[in-house]
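Along the sequence shown, residues carry numbers from 1. One-based numbering, in listed order, for ligands and for the atoms of each.
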Amino acid sequence: MKVIFYHILIFAIVATTFSCKNQDKQVEVTEDTMKNDSYNEPYRPQFHFSPKEKWMNDPNGLVYYKDTYHLFYQYYPDSTVWGPMHWGHATSKDMIHWEHKPIALFPDEHGLIFSGSAVIDIENTSGFGTLENPPMVAIFTYHLMEGEQAGRTDFQTQGIAYSLDNGNSWTKFEGNPVIKNPGIKDFRDPKVFWNDQLQLWTMLLVAGNHMQIWNSSDLKQWEQVSEFGKEEGAHGGVWECPDMFSIKVDGTDEEKWVLLISINPGAPNGGSGTQYFIGDFDGKTFTTDQDSTRWLDLGRDNYAGVTYNNVPNGDRIFIGWMSNWDYARDTPTSTWRSAMTIPRKLSLKKVDEVYELLNYPVESVNEIISSSNNAQDLMIKSDEAMDVKLQHGNTSEIQFMTSARTLLLNLKNTVGDSLSFGMDGKNNEFIFDRRKSGKTDLKDNFAQGVQKMPLSNLPDGEIDVRILLDHSSIEIFINGGQYVMTNQIFPNEFYDTLEITNPTDKPLEISDFMESKVNRIWD
Ligand code: FRU
C-alpha cells in the first residue's frame with residue numbers, strides 16, 4: 001500500500017492549524033532547539049544522524065559545496081509520525097559530525113515538500129544568482145493533499161527553490177511548478193545532476209512503474225527525453241527516489257552507469273528496498289542488459305537512499321533512511337523517529353564477469369573508532385560455541401576475517417534477548433533473525449521471519465566481516481561491502497556477549513577478531 005494513504009487522516013487533523021504553525025516554526029528554530037543535549041534517550045543512535053526531535057524519512061538534496069556536506073531530509077516538525085512534509089537541514093565537514101540548521105523548505109500553496117535533490121548552479125544557468133555567488137538550487141516534488149483527497153491524479157508536480165547563502169535561507173521560484181502533472185498519480189522524487197555529455201541538466205523522475213528522464217538548460221524549462229523500466233527490474237511496489245551516476249569499474253578504465261531505484265513494497269525481505277541497474281547512458285537514454293534484479297542492501301532498513309552531487313574527489317557517497325515503511329511509524333522511540341545509515345562509499349567491481357555494486361562506510365567513520373589493541377585469532381571446534389564478552393555495549397564495531405562459509409553469531413544480553421545471524425555455506429546465503437532480539441512487537445511485520453541474503457558471488461578464500469552496532473541499528477558489511485545488511489533492533493538491554501557457533505564438522509578459524517568502541521558524535 002502506498003505511504004501517502006496512511007497519512008491522510010493525520011493531515012486532516014493538522015490541516016486546520018497548519019498555516020499559522022508554519023509561521024511559528026520559523027521563530028521556534030533557535031540556537032537552543034539546535035543543541036544536542038537530549039541525544040541520550042533509549043535507542044537514540046550515538047554515531048548516526050537522527051533529527052533532534054520529531055519525524056524524519058528520506059535523505060534529500062545531498063550536495064557538497066564550499067567544504068561542507070549538506071543533508072536535507074523529509075521532516076515533519078510537529079510529530080513523531082509522518083505528516084505534512086518539510087525539508088529539514090543539517091551540515092557536516094566529514095559526514096559523521098552534524099550541525100542542525102533551520103528548516104529549509106516549508107509547504108506552500110502548491111503542496112507539501114516531498115523528496116528531491118540539490119545542485120550548485122555554477123554557471124548560473126537559472127539566473128537565480130551570479131557567477132560570483134552561484135545559487136544552490138533545490139528540486140523537489142510538491143504533493144497537493146487537497147488534490148489527492150479530491151481523488152485527482154495530478155496532485156504531484158515538481159518545484160524548485162534557490163539559496164544564495166549556502167542553504168541557510170531559501171526562495172521558491174515564482175514560476176513553480178516547473179513540471180506539471182500529466183495525470184500520473186505517483187510522479188515524484190526528482191534527482192538532478194549536471195550532464196557532462198550534453199552540457200545541460202538531467203532530471204530523473206519516477207512515474208509509478210518506471211522512470212522518466214528530462215533535460216533542461218536552465219533548471220526551469222524541462223523536456224522529457226526518454227523513459228526506462230516498465231519491463232525491467234522489480235515491480236512489487238511503486239518506484240521511488242531514483243539516482244544515477246557514472247562510476248569506474250575498480251582497477252580498470254571502464255566506465256558504467258549505475259541507476260538506483262527504491263521500491264515500496266516489494267523488497268526481497270519485505271516492505272521497502274533499493275534495487276540497482278548497471279548500464280549505459282548516452283545523455284538521454286539509460287540502457288542495460290542486466291537480466292536479474294539486484295539489491296543494494298538486503299536488510300530491511302535501508303530505504304530511499306541517494307548519493308551526493310559534487311563530492312570533490314569524485315567519490316560516490318550514499319546515505320539511506322534506516323527504516324522501512326512496513327513499520328516506520330511504530331518504532332519504540334518517543335521524542336524523535338528514524339536515523340540515516342552510516343554514509344557509504346559506492347564502488348563497482350567485476351567479479352566473475354558480473355558487475356557488483358559495493359557499499360562500505362566512508363573512511364571518516366574511522367576517526368570516531370577507538371581501536372583497542374586486542375585483535376585475536378579464535379579457533380572453535382566442530383559443534384562447539386564460544387562466548388566473547390563485549391566491552392562497548394551497543395556502540396561498537398566488530399570485525400574479523402575468515403575463510404569459513406558456515407558460522408553462526410548471536411548477540412546476547414542478561415535479559416535473554418538474542419539477535420542471531422551468520423553464513424550458511426550449504427545454501428550459500430547469509431541469514432539474519434531478529435525475532436528474539438528485544439522489543440519486536442511494535443508491528444506484526446517487524447520480525448516476521450528469517451531474512452536471507454544470497455551470497456552467490458562471494459569469492460573463495462578469506463573475507464572480512466565488519467559490523468557497526470549503534471543502540472537501535474546493526475549494519476553488516478561482508479567482503480568490503482559486496483554483501484550488506486542494515487537492520488533496526490530494539491534490545492531490552494545492551495548486548496554484552498557475542499556467541500560464535502561452529503555448526504560444521506571442521507574447526508572454525510577466525511582471525512583478527514576485534515571489538516572497538518565507536519565514539520558519540522553529538523556534543
Ligand atoms: C519515499 C517517499 C517518497 C516521497 C516521500 C514522502 O520514502 O515515499 O517517494 O517523496 O517518501 O515523504
Side-chain angles (χ1 to χ4, degrees), residues 1-8 10-11 14 51 54-62 72-88 103-107 110-118 138-145 147-148 155-159 177 179 181 184-192 203-212 229 236-243 260-267 271-275 296-297 300-306 318-329 331 337-341 486 488:
M1 204 194 304
K2 239 348 275 145
V3 38
I4 314 307
F5 295 118
Y6 285 110
H7 310 306
I8 291 177
I10 299 158
F11 180 76
V14 296
K54 312 299 181 191
W55 168 271
M56 172 181 82
N57 55 291
D58 316 357
N60 295 152
L62 301 186
F72 299 91
Y73 51 88
Q74 288 285 277
Y75 188 51
Y76 182 38
D78 290 335
S79 171
T80 49
V81 293
W82 193 95
M85 284 289 111
H86 299 54
W87 273 26
I103 290 174
L105 297 173
F106 290 81
H110 299 295
L112 316 180
I113 314 293
F114 272 21
S115 285
S117 50
I139 308 95
F140 50 85
T141 296
Y142 274 123
H143 180 96
L144 191 63
M145 218 30 135
E148 182 182 19
F155 50 86
Q156 293 188 339
T157 57
Q158 319 313 319
I179 298 185
N181 190 307
I184 302 174
K185 193 162 71 63
D186 296 296
F187 188 62
R188 58 175 176 271
D189 304 342
K191 168 74 187 210
V192 175
M203 178 196 292
L204 316 172
L205 204 54
V206 281
N209 65 350
H210 68 284
M211 173 188 75
Q212 302 182 345
V238 78
W239 282 26
E240 299 187 318
C241 302
D243 195 0
L260 305 180
I261 295 283
S262 286
I263 70 167
N264 177 57
S272 321
T274 302
Q275 55 177 328
L296 180 106
D297 186 321
R300 295 201 66 201
D301 294 298
N302 182 353
Y303 191 59
V306 282
F318 167 98
I319 296 181
W321 172 47
M322 206 150 46
S323 199
N324 188 316
W325 282 117
D326 267 2
Y327 43 76
R329 298 158 206 81
T331 54
R337 186 151 291 129
S338 295
M340 295 300 179
T341 64
T486 302
Q488 292 186 87

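- In terms of polar-atom proximity, Tyr303 is not counted as a contact of ligand 1, lacking any N or O under 3.5 Å from an N or O of the ligand.
- Using a 4.0 Å cut-off between charged nitrogen and carboxylate oxygen, Lys54 and Asp78 do not count as a salt-bridge pair.
- Close approach of ligand 1 to Asp58 is summarised as follows: ligand atoms under 4.0 Å from at least one heavy atom of the residue are 1 (C), 2 (C), 3 (C), 5 (C), 7 (O), 11 (O).
- For ligand 1 and Asp189, the ligand atoms under 4.0 Å from any heavy atom of the residue are 3 (C), 4 (C), 9 (O), 10 (O).
- Residue Glu240 places at least one N or O, backbone or side chain, under 3.5 Å from an N or O of ligand 1.
- Close approach to Met85 involves these atoms of ligand 1, each under 4.0 Å from a residue heavy atom: 12 (O).
- In the model, Asn264 has no side-chain atom that pairs as donor or acceptor with a side-chain atom of Trp325 under 3.5 Å.
- Ion pairing between a basic and an acidic side chain is recognised when a charged N comes within 4.0 Å of a carboxylate O; Arg188 and Asp186 show such pairing.
- For Tyr142, the ring-ring contact (aromatic ring centres under 6.0 Å, His included) test picks out His110, Phe140, with sequence neighbours left out.
- Near Arg188, meaning under 4.0 Å from one of its heavy atoms, ligand 1 places the atoms 3 (C), 4 (C), 9 (O), 10 (O).
- Checking each of Tyr75, Trp55, Phe106 against His86 for a ring-ring contact (aromatic ring centres under 6.0 Å, His included) leaves exactly one that passes, namely Phe106.
- Heavy atoms of Thr141 stay at 4.0 angstrom or farther from ligand 1.
- Checked against side chain to side chain contact (heavy atoms under 4.5 Å, CB included), Thr80 has the following partners two or more places apart in sequence or in another chain: Arg337.
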